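This structure is a prediction, so every number in the text was calculated from the model and none was measured.
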Number of protein chains: 2
Amino acid sequence: MDENELPRVLQQLWGIEGRSRPGPKPAFHISDIARAAIKLADAGGLAAVSMSKVAAELGFTTMSLYRYVDAKDDLYVVMLEHAFAEPPVLDPELDWRGRITAWAEAFRDGLRRHPWILQIPIQEPPLSPNQLAWMESGLDAFDGTPLTPQDRLSAMLLVNIYVRGTAQLTANMLTEPDEVRVADRLYTERLTMLATPDRFPGIAATLEQPLDEGYAGDFDAAEFGFGLNTVLDGIHTRITRATR
Amino acid sequence: MDENELPRVLQQLWGIEGRSRPGPKPAFHISDIARAAIKLADAGGLAAVSMSKVAAELGFTTMSLYRYVDAKDDLYVVMLEHAFAEPPVLDPELDWRGRITAWAEAFRDGLRRHPWILQIPIQEPPLSPNQLAWMESGLDAFDGTPLTPQDRLSAMLLVNIYVRGTAQLTANMLTEPDEVRVADRLYTERLTMLATPDRFPGIAATLEQPLDEGYAGDFDAAEFGFGLNTVLDGIHTRITRATR
DNA sequence: GCACACTGTGTGCGCCATACACAGACCATA
DNA sequence: TATGGTCTGTGTATGGCGCACACAGTGTGC
């Protein structure tokens, strides 16, 4: 009974094959759809992904996609599942901090490779194989700590949220690195103009500080690691309390 | 020169009035547009907001909106600006932790009141008055700490990201509290079915743990505060290091 | 009082997701 | 081996969307 309730996309992603059926053989597979859609999204953002464009990319008609996918949202699920392939293998030699850091960086790399992921409207919590594998991988990073399963979930989600959030901040500016610089400079200019020291002293103080070279280009690796470490320090405190 | 570059929406939001001009008086104001759009969004989510529906709500034609707003994205900016009015006044008696907690909770309340905010595709960093006021308010929470302006920005962003992220997690499920319960139970069922202990031991362990009553209904205040405290512990560690 | 910038409006375009009916392909069964 | 039913890809059609553009009327600065 439960199996029937599983949406078709999830059934296909988990490889729950229907028994051999009458009718013509399907001409392709959802993974083909995923590949075509990801290609379009990598090139032109999520806006470049439409049912008709994906179908054209595959050489089929728009409506043929609906034989594989119930709705556009399912297309997103399939794209997400294929964009994040296997989670990283975490070095068991490392402590929890090293492991979750590696996990976070791998996640970040994925988001950098496919920035359109951040544009996907999230409707439901993840249930597809690779998504669960990433979850599992993140939870496993806390093996050996005294954290309860619930605590591990919270901690993993915290890191997950942090990575997504920072990626969001940097991905606001468009894709081209040059454009990032320009948009950033323009933003700073405008902010300097609008955030006057009398009404916005805190913001003004931030702007007075000369930007580090490292920071200028992007919310780069150093800054990312710095913020991540703050989060991990918080988790560390929790672990210490749990040990006591 | 710089003023001319400012997008029209921002000019209007900052109250930079153009000199008195020829032609008919405008029939309404962007704040009317904001009110109408927010009303629609509160009732039916961001999907219920279209140029034509907003215009109809106001009793005007679709195209009239474009006399006030250059594009749909600007409409979002206006909605955001009006949905988050004044930031909370932070009690100066409190320490930084109390202040930033109050700020985070106020932010969270705003997101709860207008869940559609999370659906708005963020294209640019904020430059509108209330948005900057919230930024300022968040930065001010760290007054009296040894953190540098840059550190305060990072810390504020960290809290901001946390609140957004957790709100995102809970808002995935739809609006009705009952639906949350149902969706949550359904998710747990499916997860239990798919995340078998052999392949996903970490996830399975999380599921075995009986859910607290408090947790069941929602990612509620207690859980929110718990995660927030973890983040604040991390910031506390940074402050301690800066003091030393 | 006049020129002209500005107002709200009507029409129309191209794109989107997707409902539905259809003709042909193929397997399980007889 | 024949056949029924189910599945395939396709063509057509619908209602919505954001928005470009031309227009007639309005009101201010000169």
Side-chain angles (χ1 to χ4, degrees), chain A residues 4 7-9 11-12 16-33 36-37 40-41 43-79 116 119-121 123, chain B residues 4 7-9 11-12 16-33 36-37 40-41 43-79 116 119-121 123:
Chain A
N4 301 354
R8 188 160 54 120
V9 200
Q11 286 190 29
Q12 292 195 257
I16 303 174
E17 306 290 344
R19 66 277 177 269
S20 75
R21 296 176 302 179
K25 292 267 166 90
F28 49 95
H29 189 256
I30 39 168
S31 58
D32 298 317
I33 297 183
L40 290 170
L46 201 64
V49 176
S50 75
M51 299 301 267
S52 61
K53 290 200 195 119
V54 172
E57 182 78 22
L58 289 172
F60 287 84
T61 60
T62 305
M63 293 311 294
S64 68
L65 292 195
Y66 286 92
R67 296 285 173 209
Y68 299 83
V69 148
D70 282 330
K72 181 94 182 274
D73 285 348
D74 287 352
L75 176 61
Y76 290 149
V77 172
V78 176
M79 289 175 70
W116 46 264
Q119 302 174 29
I120 295 184
Q123 319 256 28
Chain B
N4 301 355
R8 187 159 54 119
V9 201
Q11 287 189 28
Q12 292 195 255
I16 302 175
E17 306 290 344
R19 65 279 178 265
S20 75
R21 296 175 303 179
K25 293 265 166 90
F28 49 94
H29 189 257
I30 38 166
S31 59
D32 298 318
I33 297 184
L40 289 170
L46 201 64
V49 176
S50 75
M51 298 301 267
S52 62
K53 290 200 195 119
V54 173
E57 182 77 22
L58 288 171
F60 288 84
T61 59
T62 306
M63 294 310 294
S64 68
L65 293 195
Y66 286 93
R67 296 286 174 208
Y68 300 81
V69 146
D70 282 330
K72 180 91 183 277
D73 285 348
D74 288 353
L75 177 61
Y76 291 149
V77 172
V78 176
M79 290 175 71
W116 45 264
Q119 302 174 31
I120 294 184
Q123 317 256 28

ask   = Would one find a side-chain N or O of A/K53 under 4.0 angstrom from OP1 or OP2 of C/dC15?
value = no
(message) For a 4.5 angstrom cut-off between non-hydrogen side-chain atoms, does A/Y76 reach A/Q123?
(response) no
Residues B/A36 and B/E57: closest non-hydrogen pair is CB-CG, 3.6 Å
In short, A/V78 meets A/V9 closest at the heavy-atom pair CG2-CG1, 3.4 Å
field: Any side-chain heavy-atom pair of A/V69 and A/L65 under 4.5 Å
entry: no
Taking C/dT7, D/dC17, C/dC27 as options, the one with an atom nearest any side-chain atom of A/K25 is C/dC27
*Taking OP1 and OP2 of D/dG16, is either one under 4.0 Å from a side-chain nitrogen or oxygen of B/S50?*
no
What I'd like to find out is whether the side chain of A/L46 reaches to under 4.5 Å of the side chain of A/M79, using heavy atoms alone. yes
To the nearest angstrom, the OH-C1' distance between A/Y76 and C/dA17 comes to 10 Å
Legend entry - Side chain proximity check, A/V54 to A/F60, heavy atoms < 4.5 angstrom: no
Interatomic distance, NZ@B/K72 vs OH@B/Y66, rounded to 0.5 Å, equals 8.0 Å
Polar-atom pairs under 3.5 Å, protein N or O versus N or O of nucleotides 28-30 of chain C: list them with distances, or write none.
| from | atom 1 | to | atom 2 | distance (Å) |
| --- | --- | --- | --- | --- |
| C/dA28 | OP1 | A/S20 | OG | 2.7 |

Between CG of B/L75 and P of D/dC17 the distance, given in whole Å, is 13 Å
Of B/A48 and B/G23, the one whose nearest nucleotide on DNA chain D sits closer to the 5' end is B/A48
Separation between OH (A/Y68) and CG (A/L75), nearest 0.5 Å, reads 14.0 Å
Whole-Å distance, A/M51 CE to D/dA13 C1', equals 17 Å
Expected list for residues 57-69 of chain B near DNA chain D, using heavy atoms below 4.0 Å, is B/M63, B/Y66, B/R67
